[in-house]
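Please read these numbers as outputs of a predicted model, since none were measured by experiment. Chain letters run A, B, ... following the sequence lines, proteins first and then strands; every chain starts at 1.
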2 protein chains.
Amino acid sequence: MKKTNSKTPTTRIQRQKRLVILEAALEVFSKHGFRGSTLDQIASEAGISKPNILYYYASKQEMHKELIERMMDKWLAPLEEMNAKGDPIAEISAYIKRKLEMARDYPRQSRLFNNEILQGAPHIIDLLEGELKILVDEKAKVIANWMKKGRLTKTDPYHLIFSIWATTQHYADFDVQVCAVLGEKSAINHRFKVAQKHLDLLFVRALEVE
Amino acid sequence: MKKTNSKTPTTRIQRQKRLVILEAALEVFSKHGFRGSTLDQIASEAGISKPNILYYYASKQEMHKELIERMMDKWLAPLEEMNAKGDPIAEISAYIKRKLEMARDYPRQSRLFNNEILQGAPHIIDLLEGELKILVDEKAKVIANWMKKGRLTKTDPYHLIFSIWATTQHYADFDVQVCAVLGEKSAINHRFKVAQKHLDLLFVRALEVE
DNA sequence: GTCTATATATTGATAGAC
DNA sequence: GTCTATCAATATATAGAC
């Protein structure tokens, strides 16, 4: 069989194996960051030997890069869905719901992103200053327009978006602290139900105009 | 001169040198976490040779431990100051202001804490489940009492505190992203002034009862 | 494709001259 | 107290047998 470039897997088996490795890499990178993670940890987590890992991915960097790229698309989607023609309160409420569901369903992706930002975003700074800024500029304009029309209480649209990011991602990134403070009594489903209700009240009540 | 134990510095010079090293260690640990940081980086940052660093601190662990301990006290103070006998809205507003000022003035301490939590809080989990939980339980009770008396809109007090933590610390931990989105136009002083105004509106408007 | 063995670099920490 | 030199452990990555 001819040598397969690790960047372009062809067979189903190869793709599957790369996914198993990526899954393990996500587990490790999201906890320790890029520099703090080792191939040994990833290999152990994946149940695959270290050289075999490097058969599918040319380097530690390549794994990390693919994880970051896969995550960024998913990360921008919820904001993209915010619709200028919808009801302002309903749109913001739905956006919060989507972001909170992502924190619940993809906490490791959130922590991977958090780690990347803490380290100064070396791999995605261009994306933040480019694609992300463009998207946020656009949505901030939509929100500002809603406010100008008197359909939302006036505040800074950018910082409003930051507040939504912060409050929702907190449940993924600071999960250990949230659990420690709430104690064992709070199962994950209950926790996110209460969080959802609280965040909805917080933002809707603050932004509603009577 | 007799051998000085590195844990109990005696002279002024020694204390000063330890502070320089600690300052450099904070710079590095807050960016890369414990495992991702190296003595080489810290030594370079401090302008002191690696063996000399280890003359003042017995190990990398010892530096990290002292940083975490120094930070935790400072971190709990703002919440402790919240006064059950004060005006509810004013107390919460003042708490947000204090937390935001800490994010502005001690961003590296915030990121050090964030890194520790992301890694599962291995060094402070006892503190979170002990001291922190006790403090939050107490203040949550105060807030719940205010709500019961009709002086604040009803919501979950714990999640309200989480929201305040999340929104304020966001400006320290995600500073790179905030700056990328806001662009170069936003100087730090202006940024925090707008943030302060927005967060005050968000929480006060949501919690105020007419 | 997967393994053992290993090359090469980096790391935390120590020894010992000055 | 501070340095150079260095050790032992660990890290990424490769070589080559099977």
Please report the distance, rounded to the nearest Å, between CG in Asp40(B) and P in dA13(C).
12 Å
Can you see if the side chain of Asn52(A) gets near the phosphate of dC3(C) - specifically, an N or O under 4.0 Å from OP1 or OP2?
yes
Would you kindly give the NZ-to-P distance between Lys17(A) and dG1(C), to the nearest whole Å?
9 Å
Qualifying residues under side chain to side chain contact (heavy atoms under 4.5 Å, CB included), relative to Arg35(A), sequence neighbours excluded:
His32(B), Thr38(B), Gln41(B)
Atom CZ of Arg18(B) and atom P of dT2(D): how far apart are they, to the nearest Å?
13 Å
Using only side-chain N and O atoms of Ser49(B), determine if any of them is under 4.0 Å from OP1 or OP2 of dC3(D).
yes
Just need the stems in DNA chain D: three or more back-to-back Watson-Crick or G-U pairs, each with both distances under 3.5 angstrom, sorted by first number.
C:1-7 with D:12-18, C:9-18 with D:1-10
salt_bridge(Lys31(B), Glu27(B)) N-O dist < 4.0 Å
no
Side chain to side chain contact (heavy atoms under 4.5 Å, CB included) partners for Asp156(A), two or more places apart:
Tyr158(A), His159(A), Val194(B)
Assign a letter to each nucleotide of nucleotides 13-18 of chain D from its 5' end: B, base within under 4.0 Å of a protein heavy atom; S, sugar-phosphate only; -, no contact.
BB----
Please state whether the phosphate of dC3(C), meaning OP1 or OP2, lies under 4.0 angstrom from any side-chain nitrogen or oxygen of Tyr55(A).
no
ring-ring contact (aromatic ring centres under 6.0 Å, His included) filter on His64(A), not counting sequence neighbours, yields Phe29(A), Phe34(A), His123(A)
Whole angstrom is fine here: how far is it from OH in Tyr56(B) over to P in dA13(C)?
18 Å
Residues at least two apart in sequence or cross-chain that pass side chain to side chain contact (heavy atoms under 4.5 Å, CB included) with Ala43(B), listed by chain then number, are Lys50(B), Ile53(B)
For Asp137(B), salt bridge (charged side-chain N to carboxylate O under 4.0 Å, His left out) partners two or more places apart:
Lys133(B)
Lys197(A): what forms a side-chain hydrogen bond (donor to acceptor under 3.5 Å, both in side chains) with it, not counting sequence neighbours?
none
With sequence neighbours excluded, what pairs up with Trp146(B) under the ring-ring contact (aromatic ring centres under 6.0 Å, His included) test?
none
Separation of atom CD1 in Ile53(A) from atom C1' in dT12(D), rounded to whole Å:
13 Å
Could you check which residues of residues 28-38 of chain A get a heavy atom under 4.0 Å from DNA chain D? Sort them by number, please.
Ser37(A), Thr38(A)
Under the side-chain hydrogen bond (donor to acceptor under 3.5 Å, both in side chains) rule, collect the residues that match up with Lys97(B), sequence neighbours excluded.
Glu101(B)
Electrostatic pair Arg108(B)-Glu23(B), nearest N-O below 4.0 angstrom
yes
List the residues meeting ring-ring contact (aromatic ring centres under 6.0 Å, His included) with Phe174(B), not counting sequence neighbours, and say none if there are none.
His170(B)
In whole angstroms, how far is the P atom of dT2(D) from the CD1 atom of Ile48(B)?
7 Å
